[in-house]
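Reading through the structure tokens given below for one structure.
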Amino acid sequence: MSKEDWFKSWFDTSFYHKLYEHRDSRDAQVFMDAIVDFLNLEQGDKVLDLACGRGRHALYLHEKGFNVSGLDLSKKSIDFARKHIPAVDFEVKDMRENFGNETYDYIFNLFTSFGYFDCNIQHLEAVKNMASALKPRGILVLDFMNATRVQKGLVKDEVVFSDGIEFKVKRYVEDDKIVKEILVKDDGKELRFYEKVALLSLKDFTELFENAGLKIKHTFGDFKLSPFSEENSDRLILMAERN
């Protein structure tokens, strides 16, 4: 698979979900609760879970009483979400495409589900679509890696075993992107996949958001919403308001 179109098929493989099945649901719920409490979401508020995957965060928000929808590029993930969470409206959508006529009080784009595209023009297209889908004074919450810290602490080689499958992971920087090269050994076969995420800084996001009509109101550095430090924070979490 070429690095250029990695996200179009990698997310649709069973290997993607097996590689990341160790992700901690408790961390995710702590984060979701922190966002909900900080923003004072009210029951019935319309929330879009953008790049929702199989819908676990959308389900959690739905169970808390919010009017949730989910969009994701992966058809297989959306099919799974529709089957297991019929109460939530899920749709297959590339975030570079118009989201439709619905507008939302809040859009959540979480766990580094951004920065996948080849150029900032495409990133700007996606952010403009987010802004257009927000109600006036609606809020976008975008959770991204802290690119500075990730680049400095890059783990270059790693071997992961999951569900009887060996994943050899190589990480490097290329064209201002973190590239993750994933070699999968399964049933005697070797398959190679890629992930690549742009090294977007707070300054980069500030420019993207301003060009899309969004103003950053808050920045945080971890899932408990501690202050952001470019040198020390694990995450870059942005809350931006539509002008």
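What you see is a predicted model; the values in this text were computed from it and never measured.
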Inset, instruction - Test Val169 against Asp157 for side chain to side chain contact (heavy atoms under 4.5 Å, CB included), laying out the working first. - result: CA-CA 6 Å; Val169 181; Asp157 295 284; over 6 Å; no
Legend entry - Steps toward side chain to side chain contact (heavy atoms under 4.5 Å, CB included) verdict (Leu19, Ile182): CA-CA 10 Å; Leu19 178 59; Ile182 304 158; 4.1 Å; yes
Legend entry - Point-to-point distance, once rounded to the nearest 0.5 Å, from CG of Leu200 to CG of Leu208: 6.5 Å
Legend entry - Ala58 backbone acceptor or donor facing His62 side chain under 3.5 Å: no
Legend entry - Main-chain N/O of Asp234 paired with Asp222 side-chain donor or acceptor, under 3.5 Å: no
Inset, instruction - Please find out if less than 6.0 Å separates the ring center of Phe220 from that of Phe38. - result: yes
Legend entry - Check against side chain to side chain contact (heavy atoms under 4.5 Å, CB included), Met95 and Met130: CA-CA 8 Å; Met95 68 175 67; Met130 297 179 202; 4.0 Å; yes
Inset, instruction - Enumerate the residue pairs fulfilling salt bridge (charged side-chain N to carboxylate O under 4.0 Å, His left out) with a member in residues 130-144, sequence neighbours excluded, ordered by first and then second residue. - result: Asp105-Lys135, Arg137-Glu241, Asp143-Arg235
Inset, instruction - May I ask you to decide if Cys52's main-chain N or O and Asp72's side chain share a donor-acceptor pair within less than 3.5 Å? - result: yes
Inset, instruction - Quick one: sort the Phe15 and Phe193 rings into parallel, tilted or perpendicular, breaks at 30° and 60°. - result: tilted
Inset, instruction - Check step by step if side chain to side chain donor-acceptor pair (under 3.5 Å) holds for Glu181 and Tyr172. - result: CA-CA 8 Å; Glu181 190 174 331; Tyr172 50 91; 3.2 Å; yes
Inset, instruction - Determine yes or no for a side-chain-to-main-chain donor-acceptor pair under 3.5 angstrom, with Asp79 supplying the side chain and Lys76 the backbone. - result: no
Inset, instruction - Search all heavy atoms of Val127 against all heavy atoms of Ala212 and return the closest pair with its distance. - result: CG1-CB, 3.6 Å
Inset, instruction - Return the minimal non-hydrogen interatomic distance between Glu174 and Val179, and the atom names on each side. - result: CB-CG2, 4.0 Å
Legend entry - Pair His57 and Phe31, ring centroids less than 6.0 Å apart: no
Inset, instruction - Quick one: which residue pairs count as a salt bridge (charged side-chain N to carboxylate O under 4.0 Å, His left out) with a foot in residues 35-46, not counting sequence neighbours? - result: Lys46-Glu102
Legend entry - Rounded distance [0.5 Å steps], CD in Glu97 versus CG in Leu73: 8.5 Å
Inset, instruction - Check the pair Asp94 / Arg96 against salt bridge (Lys or Arg N to Asp or Glu O under 4.0 Å), numbers first and verdict last. - result: CA-CA 5 Å; Asp94 185 321; Arg96 292 169 294 180; 2.7 Å; yes
Legend entry - Qualifying residues under ring pair (Phe, Tyr, Trp, His ring centres under 6.0 Å), relative to Phe144, sequence neighbours excluded: Phe205
Legend entry - Donor-acceptor contact present, side-chain Asn109 to main-chain Ser113, <3.5 Å: yes
Legend entry - Axial cation check for Phe90 ring with Arg82, 6.0 Å and 45° limits: no
Inset, instruction - Supply the atom-to-atom distance Leu225 CG to Ile237 CD1, rounded to the nearest 0.5 angstrom. - result: 6.0 Å
Inset, instruction - Please confirm whether the backbone N or O of Leu154 pairs with a side-chain atom of Arg171, one donor and one acceptor, at under 3.5 Å? - result: no
I'd like a table of donor-acceptor pairs (distance under 3.5 Å, sequence neighbours excluded) in which one partner is a side-chain atom from residues 145-153, with atom names and distances.
{"from": "Asn146", "atom 1": "OD1", "to": "Thr148", "atom 2": "N", "distance (Å)": "3.4"}
{"from": "Asn146", "atom 1": "ND2", "to": "Ser229", "atom 2": "O", "distance (Å)": "3.4"}
{"from": "Asn146", "atom 1": "ND2", "to": "Glu230", "atom 2": "O", "distance (Å)": "3.0"}
{"from": "Asn146", "atom 1": "ND2", "to": "Ser233", "atom 2": "O", "distance (Å)": "2.8"}
{"from": "Thr148", "atom 1": "OG1", "to": "Glu230", "atom 2": "OE2", "distance (Å)": "3.3"}
{"from": "Arg149", "atom 1": "NH1", "to": "Asn232", "atom 2": "O", "distance (Å)": "2.2"}
{"from": "Lys152", "atom 1": "NZ", "to": "Glu231", "atom 2": "OE1", "distance (Å)": "2.6"}

Legend entry - Whether Asn40 side chain and Val36 backbone form a donor-acceptor pair below 3.5 Å: no
Inset, instruction - Would you confirm whether Ser77, through its side chain, and Ser74, through its main-chain N or O, come within 3.5 Å as a donor-acceptor pair? - result: no
Inset, instruction - Please check if the distance between the ring centroids of Phe223 and Phe111 is under 6.0 Å. - result: yes
Legend entry - Separation of His84 NE2 from Leu59 CG (nearest 0.5 Å): 11.0 Å
Inset, instruction - Name all residues meeting the ring pair (Phe, Tyr, Trp, His ring centres under 6.0 Å) criterion together with His123; count only those two or more places apart in sequence or in a different chain, and write none if there are none. - result: Phe114, Phe117
Inset, instruction - Could you tell me the separation between the CD atom of Glu207 and the CZ atom of Phe209, rounded to the nearest 0.5 Å? - result: 12.0 Å
Inset, instruction - Could you grab the distance from atom CG of Leu110 to atom CD1 of Ile35, nearest 0.5 Å is fine? - result: 5.0 Å
Legend entry - Lys196 and Asp118: CA distance, side-chain angles, deciding distance, salt bridge (Lys or Arg N to Asp or Glu O under 4.0 Å) verdict: CA-CA 9 Å; Lys196 61 175 185 174; Asp118 284 332; 2.6 Å; yes
Inset, instruction - Tell me who clusters with Val159, hydrophobic residues only, linked when side chains sit under 4.5 Å apart either directly or through other members. - result: Phe161
Legend entry - Asn129 vs Ser132, side chain to side chain donor-acceptor pair (under 3.5 Å): CA-CA, chis, key distance, verdict: CA-CA 5 Å; Asn129 287 332; Ser132 295; 5.3 Å; no
